[in-house]
Amino acid sequence: MTHPTKFYIALMLVMIGAMSIVPAPASAQTSRKTVFIAESADGFHTYIAAAIIKKKVPVSIVKAADDADYRLTASDVTTEQITTGRKIVNCLFAYCGGNEDKSSTSVEMLDQSGTVVWSYAVNKGRGKKNLQSMAEAIAKHMKDDVFDKPR
């Protein structure tokens, strides 16, 4: 091969490589699914919205249920408080670990027809101090189970 031929081949390879890093058209970027998060009496819905953003779940959160592809509803967070007497008894006759308050909640996601497409329950220690961790677990599993799953 002559020197100019090598140059044109290299130039063509560079151009092909540059074309592969061009961003997708705007129409492909707007095809994200939308989720409406129903307000919960205890305010846990704000933790879920923040966790969805933090965990980069590929959805857009909308404020109107009519504009959404999915509707996410969370139950109120319940906390089981461990009494001091129970902690003492556990330490005397068993292992002292796990003597902390426990919180739990569940969520369900419905599509526009009202069909449940996903649900999840989460339990965490440290009581109400762990709301962010509970919301992040919900967002992570939503991303893994629904939106990152090959169809």
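Quick note: numbers below take in every heavy atom, side chains included, and nothing from hydrogens, waters or symmetry partners.
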> Do other residues, nucleotides or ligands put more than 12 heavy atoms under 6.0 Å from Tyr47 OH?
Replying inline: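 No.
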
> What class does the angle between the rings of His141 and Tyr120 fall in, given that below 30° is parallel, 30 to 60° is tilted and above 60° is perpendicular?
Replying inline: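 Parallel.
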
> Can Ile37 and Ile52 be said to form a side-chain contact (heavy atoms from CB on, under 4.5 Å), step by step?
Replying inline: CA-CA 11 Å; Ile37 304 171; Ile52 287 172; 3.9 Å; yes

Please report the closest heavy-atom contact between [X] and [Y], naming both atoms and the distance.
X      : Y      : value
Met142 : Trp118 : N-CZ2, 3.5 Å
Thr79  : Ser103 : OG1-OG, 2.9 Å
Val62  : Phe36  : O-CD1, 3.6 Å
Ala74  : Phe44  : CB-CD2, 4.2 Å
Pro58  : Asp148 : CG-OD1, 4.2 Å
His45  : Ala38  : CB-O, 3.5 Å

> Counting distance only, does the side-chain N/O of Ser40 pair as donor-acceptor with the main-chain N or O of Asp76 below 3.5 Å?
Replying inline: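 Judged by distance alone, no pair lies under 3.5 Å.
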
> Between Asn130 and Gly125, is there a donor-acceptor pair closer than 3.5 Å when you use the side chain of the first and the backbone of the second?
Replying inline: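 Yes.
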
> How about Ser60 and Thr34: does a side-chain donor come under 3.5 Å of a side-chain acceptor?
Replying inline: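 No pair is found: no donor N or O on one side chain lies under 3.5 Å from an acceptor on the other.
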
> Quick one: salt bridge (charged side-chain N to carboxylate O under 4.0 Å, His left out) pairs with a partner in residues 52-74, sequence neighbours left out?
Replying inline: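 For residues 52-74: Lys54-Glu136.
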
> Going from CD on Gln132 to OG1 on Thr46, what distance comes out if it is rounded to the nearest 0.5 angstrom?
Replying inline: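 The CD atom of Gln132 sits 10.5 Å away from the OG1 atom of Thr46.
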
> Roughly how far, to the nearest 0.5 Å, is OG1 of Thr115 from CE of Met109?
Replying inline: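 Rounded to the nearest 0.5 Å, the CE-OG1 separation comes to 12.0 Å.
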
>> Let me check something: do Met134 and Val146 share a hydrophobic cluster, defined by ILVMFWY side-chain heavy atoms less than 4.5 Å apart, either directly or through other members?
In response: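 Result: yes, single cluster for both.
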
> Are Leu110 and Ile48 joined in one hydrophobic group, where the rule is that I, L, V, M, F, W and Y side chains link up if heavy atoms are under 4.5 Å apart?
Replying inline: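 Leu110 does not cluster with Ile48.
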
>> Using side-chain contact (heavy atoms from CB on, under 4.5 Å), reason through Thr105 and Ile138 one step at a time and then give a plain yes or no.
In response: CA-CA 10 Å; Thr105 190; Ile138 290 168; 4.2 Å; yes

